[in-house]
Amino acid sequence: MAKQVGGTLDGVLHALSDPTRRQVVERLAQGPATTSELARPFDMALPSFTQHLHVLERSGLVTSDKQGRVRTYRLAPEPLEHLDSWLAAQRARWTRRLDQLDSLLYDLKEQQR
């Protein structure tokens, strides 16, 4: 798969495969948030939740900075843009294939007439 800024497409897909991590990405789309703000809606221990944040950070989907004891996370849009480009290429490939199939079926139907 194609290499991208901040990691591989595989890493991004892995990170987004978990519903908790998808919810974190959706929350960060609204703006930066601290670890505790991100963890608040989830019914899990903080160490378990921070593992989700580490996966997101390793994938390149989020960045963080620490001031004192507070770590703030931000969404990094580049990996999502790369994913969108990859998905668009796949969608275009399948659209072409379906158009070819449609054309073939139309021709077969015309030959039967």
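For reference, positions follow the sequence shown, starting with 1. FYI, side chains are in, hydrogens and waters are out, and symmetry mates aren't considered; it's all heavy atoms of this structure.
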Please answer: with hydrophobic residues joined when any side-chain heavy atoms are less than 4.5 Å apart, are Leu98 and Leu104 in the same cluster? no
Heavy-atom distance under 4.5 Å between the side chains of Arg21 and His14, does that happen here? yes
Excluding sequence neighbours, so at least two apart, what forms side-chain hydrogen bond (donor to acceptor under 3.5 Å, both in side chains) with Arg74? Asp65
How long is the gap from CG on Leu46 to CD on Gln51, to the nearest 0.5 Å? 10.5 Å
Just by distance, do the side chain of Thr95 and the backbone of Arg91 share a donor-acceptor pair under 3.5 Å? yes
In this structure, are over 12 heavy atoms from other groups packed under 6.0 Å from Glu110 atom CD? yes
Could you tell me which non-hydrogen atom of Leu38 sits nearest to which non-hydrogen atom of Pro41, and how far apart they are? O-CD, 3.3 Å
Compare every heavy atom of Ala76 with every heavy atom of Gly60, then report the nearest pair and how far apart it is. O-CB, 3.2 Å
Tell me whether Phe49 shares a hydrophobic cluster with Val55, the cluster being built from Ile, Leu, Val, Met, Phe, Trp, Tyr side chains joined at under 4.5 Å. no
Evaluate Leu9 against His82 for side chain to side chain contact (heavy atoms under 4.5 Å, CB included), listing each step before the verdict. CA-CA 8 Å; Leu9 186 56; His82 290 286; 5.5 Å; no
Atom CG of Leu61 and atom CG of Leu83: how far apart are they, to the nearest 0.5 Å? 8.5 Å
Assess whether a salt bridge exists between Glu37 and Arg40, defined as any Lys/Arg side-chain N lying under 4.0 Å from an Asp/Glu carboxylate O. no
With a 4.5 Å limit on heavy-atom distance, are the side chains of Val70 and Thr72 in contact? yes
Do you know which two heavy atoms are closest between Ser59 and Val12, and how far apart they sit? O-CG2, 3.7 Å
From Tyr73 OH over to Thr35 OG1, what is the distance, rounded to the nearest 0.5 angstrom? 4.5 Å
Grab the two heavy atoms, one from Phe42 and one from Gln23, that are nearest each other, plus how far apart they are. CE2-OE1, 2.7 Å
Under the side chain to side chain contact (heavy atoms under 4.5 Å, CB included) rule, what do Leu53 and Arg71 come out as? Steps first, then yes or no, please. CA-CA 11 Å; Leu53 294 175; Arg71 184 169 294 276; over 6 Å; no
Can a donor-acceptor pair be found between the side chains of Gln90 and Arg93 at a distance below 3.5 Å? yes
Identify, with sequence neighbours excluded, every residue that meets side-chain contact (heavy atoms from CB on, under 4.5 Å) alongside Ala29. Leu75
Could you measure the distance from the CG atom of Asp99 to the CH2 atom of Trp94? Nearest 0.5 Å is fine. 13.0 Å
Can you confirm whether the side chains of Glu57 and Ser64 place a donor and an acceptor under 3.5 Å from each other? yes
In Å and rounded to the nearest 0.5 Å, what is the CZ to OG1 distance from Arg58 to Thr8? 11.5 Å
Transitively linked via ILVMFWY side-chain contacts under 4.5 Å: Trp86 with Leu80? yes
Value rounded to 0.5 Å, distance of OG in Ser103 from CG in Leu108: 10.0 Å
